[in-house]
Every structure is written in structure tokens, then in C-alpha cells.
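These notes are about the structure you will find just below.
The chain is numbered in sequence order, starting from 1. Numbering of ligands and ligand atoms starts at 1, following listing order. No experiment lies behind these values; they were computed from the predicted model shown.
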Amino acid sequence: MKLVQEKRTEINGQPIIAFTLTNDHGMEVTCLNYGCIITSILVPDKNGNMENVVLAFDDFSSYLTNRPYLGAVIGRVAGRIKNSSFQLNGKTYKLRANEYKNHLHGGEKGFHHVIWRAVGFSQKEGVGVRFSHRSVDGEEGYPGNIDVQVTYTLNNQNELIISYHAVSDQDTPLTLTNHTYFNLSGNVKRDILQHELKIKSDRFLPLDHEFIPTGEIKDVAGTPFDLRKGKILQEAIDSTHPQICLVGQGYDHPFILNTHHDEEIVLCDRESGRTLIVETDEVGVVVYTGNQLTNEEKLNGTTSRKYLGICLETQALPNAVHHDHFPSCILRAGKVYSSTTKYKFLVCKEHF
Ligand code: G6D
């Protein structure tokens with residue numbers, strides 16, 4: 001296994017480094033110390049062709065805005081917080097509103113815009129990068145100084161393992177995830193509409209008109225959200241279900257997982273023969289089918305467009321600070337936040 005690092009550019013004198021991890025089978029992952037952004041994952045198709053299966057900007061400068069949050073770690077809190085405020089220990093906190101009156105994905109200066117300290121490593125478990133960052137008390141309106149580590153490890157089972165670890169000196173909300181868009185066709189030869197998605201989930205969260213969970217928890221049975229036996233994504237896109245229409249014909253919804261580390265999320269592209277199995281210890285996953293990708297972005301040598309990639313954002317339930325019946329997203333002072341999500345790539349076995 002191999003780790004190569006190279007300086008790509010600088011921001012205010014700080015180097016932006018690209019780390020390229022390669023395992024013994026030729027799987028390759030490239031990521032940046034800026035936003036812990038994943039810019040490339042090369043895996044074979046059924047004919048052994050190594051191609052990139054994630055969306056990435058052609059030019060680094062696009063990451064300085066990064067409206068789609070391509071490839072980035074998201075925090076302090078992934079998803080939307082209604083009215084950019086929450087109550088904690090009898091106090092009201094006001095976060096930066098960066099989407100109308102709501103707070104989205106950690107705010108303007110979220111973790112996707114941080115230059116993380118980054119140290120590469122190579123050990124028997126795999127090759128990887130350990131990113132760390134201190135988010136100071138009051139950043140984007142959040143309480144507490146919080147030390148966060150994100151570790152990417154590539155092993156010889158063609159698995160990319162992302163582990164998160166954090167400790168805060170005050171009680172504070174924390175929901176971390178990764179916002180990589182996957183497209184298993186390889187080098188964005190096709191969009192994701194013929195991809196098949198299976199999720200072991202009996203319940204999903206309906207959204208309101210601002211795409212924020214209402215607090216209701218609904219059974220997937222009889223709806224386009226029933227992915228327990230797998231569905232071709234085109235089926236969902238073509239649905240007239242109000243929740244599918246609300247978000248612009250697709251998914252942008254949290255699913256509550258029935259099980260963990262049990263092939264709970266499987267994405268497959270039969271034409272290329274690629275399969276991605278996602279396993280996590282997080283309570284849920286937000287599935288986002290790139291409904292808002294516009295054709296203003298240059299990425300993967302082409303122009304972005306709707307449905308060019310799908311995000312599988314394993315995380316706590318969004319807007320949990322406003323729903324006491326959701327599992328809590330509060331990290332108590334001195335306690336450890338620890339979460340792991342594994343992305344395993346293989347050539348299609350029967351998973352549906
Ligand atoms: C849109 O509603 C979606 C979000 O879920 C997604 O994370 C973002 O685009 C990139 O706002």
C-alpha cells in the first residue's frame with residue numbers, strides 16, 4: 001500500500017495538500033486537507049477498468065464556495081437547524097443563518113471550509129490520513145471548544161473507513177457526516193438514475209417546505225421510500241408521491257436504519273458491475289439524489305447536472321435539536337463522540 005502527498009496550492013500562505021492512498025489491488029482514494037474533501041475514488045468495473053466513482057470539481061477554486069458540498073466533511077451539525085437557533089441547558093443559542101432563516105451544514109464557516117491539520121499514515125490495517133481541527137467556542141454560534149478528528153483509512157479489502165472522534169469542553173450539538181456524491185458508472189459516463197439502491201430501513205422522516213424534518217416518523221411501506229428490496233432510482237424520480245415532488249423529484253430524506261454493520265445500505269450499477277456497501281454505527285442516513293445540482297459547475301471534465309451523483313450521508317437525524325423524540329445529537333462536555341462509516345467497493349454480487 002502507498003501514500004503520496006503533494007501540495008496543490010495555498011490559501012493565505014497555508015498549503016493545500018492532496019493525499020493519494022493506494023491499496024495492493026490498485027484502489028485509490030485522493031483527499032484534501034481542505035474540508036477533508038474526497039476528490040477521487042478509483043475502483044474497477046466488471047472488466048477491471050479503474051475509474052473514478054465520485055464527483056469532484058475540475059478546479060480547486062470551486063471548493064472555496066462549494067455550494068453542493070462536494071466530497072466534504074460536514075459539521076458541526078449536518079442538515080438544517082430550523083430558524084438557526086436551539087435551546088440547550090436553559091439557554092437559547094443563535095447560529096449563523098446561511099440558508100434563508102435556517103442554518104445548513106454547519107454554516108458559512110462549516111467544517112467543509114476548514115484547512116484541517118493532516119498527517120498521513122501507513123500501518124498494517126491500511127494507509128490513511130488523520131485530520132484534526134479545533135472549533136472554538138462561539139464558532140458559527142455553537143457553544144464549546146471542540147477538538148475533532150476525522151480519519152480516512154483505505155485497506156486491502158477495498159474498504160474506505162471514515163471514523164470521527166470529538167470532545168467538547170461544553171455541552172454542544174454535533175452531527176458529522178461526509179457529503180461525497182457517488183456515481184458508480186465510472187468517470188460520470190451516465191447519471192445515477194439506473195443505479196439500484198437498497199436500504200434496510202422501515203421508517204423515514206418527511207420534510208416540510210424548507211426541507212427540514214417535521215418531526216413525524218413514517219413507515220416506508222407502500223411508498224417510494226420502501227427500499228428494503230432495492231429499487232432503481234428512476235422509479236423514485238418518476239413517482240408522484242408528495243415528498244418526492246417536494247424536493248424536486250428525488251430523495252433528500254433521512255432514513256432510520258434498522259440495523260448496523262449488516263450491509264444496511266447497498267448501491268449497485270449493473271452496467272458497470274460496481275457495488276458500494278455502506279455500513280455505519282450512525283442512527284440514520286440522508287439520501288440525496290443530487291436534485292439541486294445545476295449546470296453551473298464544471299466537474300469530472302464535464303458540466304454538472306441533476307442526478308449526476310447520489311449522497312449517502314450517514315448521520316444523526318437532522319434538526320434533532322428541535323425534536324426531543326429523536327435520538328439526541330448533544331455531545332456532553334468531556335464525553336467522547338465516536339462514529340464509524342465503512343464504504344466497501346466490489347463488483348456486483350446479487351444484493352437485490
Ligand atoms: C440541498 O437539500 C439539499 C441538501 O440536503 C444538500 O446537502 C445540499 O443541497 C447540497 O440543499
Side-chain angles (χ1 to χ4, degrees), residues 35-39 54-57 62-84 95-113 140 162 175-183 191-192 197 199 204-214 225 233 236-237 241-256 265 278 282-300 304-322 326 329 341:
C36 308
I37 288 171
I38 295 172
T39 61
V54 302
L55 302 190
F57 287 122
S62 300
Y63 286 112
L64 300 179
T65 43
N66 198 2
R67 279 189 310 275
Y69 299 86
L70 283 196
V73 71
I74 303 293
R76 286 197 193 188
V77 174
R80 291 170 173 87
I81 293 179
K82 197 137 187 101
N83 298 322
S84 305
L95 301 172
R96 186 186 325 237
N98 62 318
E99 188 187 62
Y100 309 114
K101 62 182 187 332
N102 301 316
H103 176 84
L104 171 63
H105 288 344
E108 274 172 23
K109 290 193 170 50
F111 290 175
H112 58 295
H113 279 324
E140 295 300 284
I162 302 184
T175 300
L176 302 176
T177 192
N178 182 279
H179 209 287
T180 293
Y181 291 69
F182 297 100
N183 180 323
D191 64 26
I192 57 164
L197 178 64
I199 302 183
F204 78 103
L205 305 185
L207 306 175
D208 66 17
H209 67 289
E210 293 178 308
F211 298 7
I212 298 177
T214 61
F225 296 87
L233 293 173
I237 308 301
H241 189 286
Q243 282 289 315
I244 297 284
C245 299
L246 172 75
V247 299
Q249 290 318 118
Y251 298 114
D252 196 352
H253 296 80
F255 290 75
I256 298 175
I265 304 164
V278 182
E282 286 290 359
V283 66
V285 58
V286 169
V287 176
Y288 173 52
T289 45
N291 320 319
Q292 297 189 35
L293 284 173
T294 63
N295 55 12
E296 290 151 20
E297 323 272 11
K298 292 296 177 200
L299 45 84
N300 300 72
S304 173
R305 65 183 189 274
K306 199 171 182 178
Y307 309 131
L308 203 55
I310 179 171
C311 298
L312 300 168
E313 304 161 49
T314 54
Q315 63 185 261
L317 302 182
N319 204 39
V321 287
H322 289 298
F326 287 4
C329 69
T341 293

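- The distance criterion of under 3.5 Å between nitrogen or oxygen atoms is not met by R67 with respect to ligand 1.
- The shortest heavy-atom contact between Y251 and N291 is O-ND2, 3.1 Å.
- With salt bridges taken as basic N to acidic carboxylate O contacts below 4.0 Å, one links E140 and R96.
- Taking the ring-ring contact (aromatic ring centres under 6.0 Å, His included) definition, one finds that H241 meets it with F225, sequence neighbours left out.
- Of the protein's non-hydrogen atoms, D252 OD1, 2.7 Å is the one closest to atom 5 (O) of ligand 1.
- Considering backbone and side-chain N/O of H105, one or more are found under 3.5 Å from N/O of ligand 1.
- Contact annotation for Y181 and ligand 1: only side-chain heavy atoms (C-beta onward) come within less than 4.0 Å of the ligand.
- Counting protein heavy atoms only, atom 11 (O) of ligand 1 is closest to R80 NH2, 2.7 Å.
- Contact of the V321 side chain with the C329 side chain is registered, since non-hydrogen atoms from C-beta on lie closer than 4.5 Å.
- Every atom of ligand 1 with a heavy atom of F211 under 4.0 Å away is listed here by number and element: 2 (O).
- The shortest N or O to N or O distance between H179 and ligand 1 is under 3.5 Å.
- With sequence neighbours excluded, the residues forming a ring-ring contact (aromatic ring centres under 6.0 Å, His included) with F326 are H323, listed by chain and number.
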